[in-house]
Amino acid sequence: MTLNKKLFLASSSELAADRQKFEVFINRKNKEWVSRGVFLELVGWEDFLDAVSKTRLQDEYNQAIRDCDIFVMLFSTKVGPYTEEEFDTAFGQFKATGKPFIFTYFKDASISSGTAARADLTSLWAFQDKLKALGHFQTAYKDSDGLKLHFSQQLDKLAAGGFIEFKREQGATNALAGDSYQATLNGPGAIAQGAGATAVGAGGVFVGGKNTGSIKTGMQSHTNTGGGAHIGGSVHTGGGDFVGRYQIKNALSQRDLEALLAPVLAAVAQQAPGGKQGEAVQQVQELKAELAKGEQADDGKLGKIVDGLVAMVPGAIGAVVSAFASPLLAGVAGPVTEYVLGKLQGE
């Protein structure tokens, strides 16, 4: 199954050449990624029919922006009212839902003071002032090669953060349907079966995939648990949960954490001030490490990390608050962290 991620590209007509080269870049990226289960669907105004609509055609563009996962804006010597409206739509949707991820690229081109229109330059400066007020930082580029290089790096960071998840390649040694394995253990030790299985010690068992039969870990006994689970040996869950009658969850899996913090990493990658990105990413990693402790996390330390992170990257406030609003983090944030989050939501 292919994971489809929608990317909306907004810009004025003056950057038509850069738009075309960006589209070629996305097509080439898709050739690389589609075999790995990911497809980037590029959406732009060119994809809409100039037909009579019950609403403004721009309203249809705006709805497409609300439905997209990534929003990319290119601007240079001016920012037209419709392009600015598209940015406002994307930013409003991000504040409400945590997506789309927003990337704004400013082409730093030479301008002739004799031919530049006052209205165009005024719109450019006003928009740049708006970005600063929102705590959102533009990325400058000189040519299309610089644009493609930077955005490719951002896509790689989104993938590393778990926002873009590639399907796992199946090895040639995987069992076919109906295949079975048998192993015999002579003496103390452990047995691991199946691709990627792990031996966990005498009498223990690691299940690397789905098990539909019985597992014997030593001497058999029968215990009535009333619907719960009785463990005669050791069980390694590979970072997941063991569920008997009731689910007991003490810590989050790495996969859960990566998915929760992917928007935070993306906000840091896009909006951290120059020279601060590395430090901000390190704080996100510290946040992830503390959250991984689940209910054993140090509340004071969590609050301090969150406060320091958003002070360094104000544009990440929405992503941080959204992450802690997840049910997965219920019970992790204590009074100190809740106080910090409440303060952020009031700003």
Side-chain angles (χ1 to χ4, degrees), residues 1-13 15 18-20 22-27 29-30 33-34 36-75 79-105 127 130-131 134 136 147 151-152 154-159 161-167 258-267 269-271 315-323 325-327:
M1 182 178 179
T2 301
L3 176 65
N4 191 78
K5 292 290 186 181
K6 291 186 177 181
L7 187 159
F8 192 97
L9 178 61
S11 76
S12 57
S13 58
L15 295 175
D18 287 357
R19 287 179 66 91
Q20 292 174 357
F22 189 85
E23 182 174 355
V24 171
F25 160 73
I26 294 298
N27 289 336
K29 201 71 172 177
N30 276 329
W33 280 7
V34 72
R36 302 170 68 186
V38 175
F39 180 79
L40 294 173
E41 179 184 348
L42 184 61
V43 181
W45 58 264
E46 302 94 337
D47 299 307
F48 294 83
L49 294 174
D50 292 329
V52 176
S53 174
K54 293 182 180 180
T55 61
R56 294 186 310 154
L57 193 56
Q58 184 63 43
D59 291 336
E60 296 185 27
Y61 299 163
N62 293 344
Q63 185 56 51
I65 292 169
R66 295 186 187 97
D67 294 336
C68 73
D69 301 289
I70 302 171
F71 176 85
V72 176
M73 176 180 173
L74 312 179
F75 65 101
V79 178
Y82 294 120
T83 304
E84 184 169 2
E85 182 177 338
E86 289 165 359
F87 171 84
D88 290 341
T89 300
F91 192 79
Q93 185 71 6
F94 174 79
K95 294 287 286 184
T97 68
K99 77 169 194 176
F101 295 145
I102 301 174
F103 298 91
T104 53
Y105 289 99
F127 183 72
K130 174 192 281 190
L131 291 182
L134 292 173
H136 184 88
L147 168 65
F151 189 67
S152 180
Q154 300 310 301
L155 287 177
D156 290 340
K157 289 179 180 179
L158 288 177
F163 172 72
I164 299 175
E165 184 176 346
F166 299 113
K167 68 180 182 181
E258 287 174 359
L260 280 172
L261 297 179
V264 180
L265 277 172
Q270 177 67 11
Q271 302 187 46
I317 289 177
V320 171
V321 171
S322 296
S326 169

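The shown structure was predicted, so the numbers you read here are calculated from the model rather than taken from an experiment. Because only heavy atoms are used, hydrogens play no part in the values below, and waters and symmetry mates are left out as well, while side chains stay in.
Among residues two or more places apart in sequence or in another chain, the salt bridge (Lys or Arg N to Asp or Glu O under 4.0 Å) test is passed with K95 by none. Applying the salt bridge (Lys or Arg N to Asp or Glu O under 4.0 Å) criterion to K99, with sequence neighbours excluded, gives D69. Here D88 pairs with K130 under the salt bridge (Lys or Arg N to Asp or Glu O under 4.0 Å) rule; sequence neighbours left out.
In this structure, CD1 on I317 lies 11.5 Å from OG on S322, to the nearest 0.5 angstrom. How far CG of L9 is from OH of Y105: 11.0 Å, rounded to the nearest 0.5 Å. Note: L74 CG to L147 CG = 5.5 Å, rounded to the nearest 0.5 Å. Atoms OG1 and CE, from T83 and M73 in turn, are 5.5 Å apart once rounded to the nearest 0.5 Å. Between the CD atom of Q271 and the CG atom of L131 there is a distance of 9.5 Å, given to the nearest 0.5 Å.
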CA sep, side-chain torsions, deciding dist, call: R66, T89, side chain to side chain contact (heavy atoms under 4.5 Å, CB included): CA-CA 7 Å; R66 295 186 187 97; T89 300; 3.9 Å; yes
Working for side chain to side chain contact (heavy atoms under 4.5 Å, CB included), residues L158 and K5: CA-CA 12 Å; L158 288 177; K5 292 290 186 181; over 6 Å; no
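For the residue pair E23 and N27, no side-chain donor N or O sits within less than 3.5 Å of a side-chain acceptor on the partner. Looking only at atom types and distance, the side chain of E86 has no donor-acceptor partner in the side chain of N62 under 3.5 Å away.
With a 4.5 Å cut-off on side-chain heavy atoms, F8 and D67 do not count as touching. No side-chain heavy atom of F87 sits less than 4.5 Å from a side-chain heavy atom of E85. In this structure the side chain of H136 reaches within 4.5 angstrom of the side chain of I102, judged on heavy atoms. Contact of the K29 side chain with the L155 side chain is registered, since non-hydrogen atoms from C-beta on lie closer than 4.5 Å. Side-chain contact between K6 and I70 is absent, with no heavy atoms from C-beta onward closer than 4.5 Å.
Considering all non-hydrogen atoms of both residues, A64 and V43 come closest at CB-CG1, 4.4 Å. Of all the heavy atoms in A323 and V264, the pair that sits closest is CB-CG2, 4.5 Å. The two residues A267 and G315 have their closest heavy-atom pair at CB-O, 4.2 Å. The two atoms that bring G98 and P263 nearest to each other are O-CB, 4.4 Å, heavy atoms only. Heavy-atom minimum distance, F94 versus P100: CD1-O, 3.3 Å.
A centroid separation of less than 6.0 Å is found between the aromatic rings of F75 and F127. The aromatic ring centres of F151 and F103 sit less than 6.0 Å apart.
Here the side chain of T97 pairs a donor or acceptor atom with the backbone of Q93 at under 3.5 angstrom. With hydrogens and angles disregarded, no donor-acceptor distance shorter than 3.5 Å links the side chain of N30 to the backbone of F39.
Using cut-offs of 30° and 60° on the angle between ring planes, the pair F25 and F22 is tilted.
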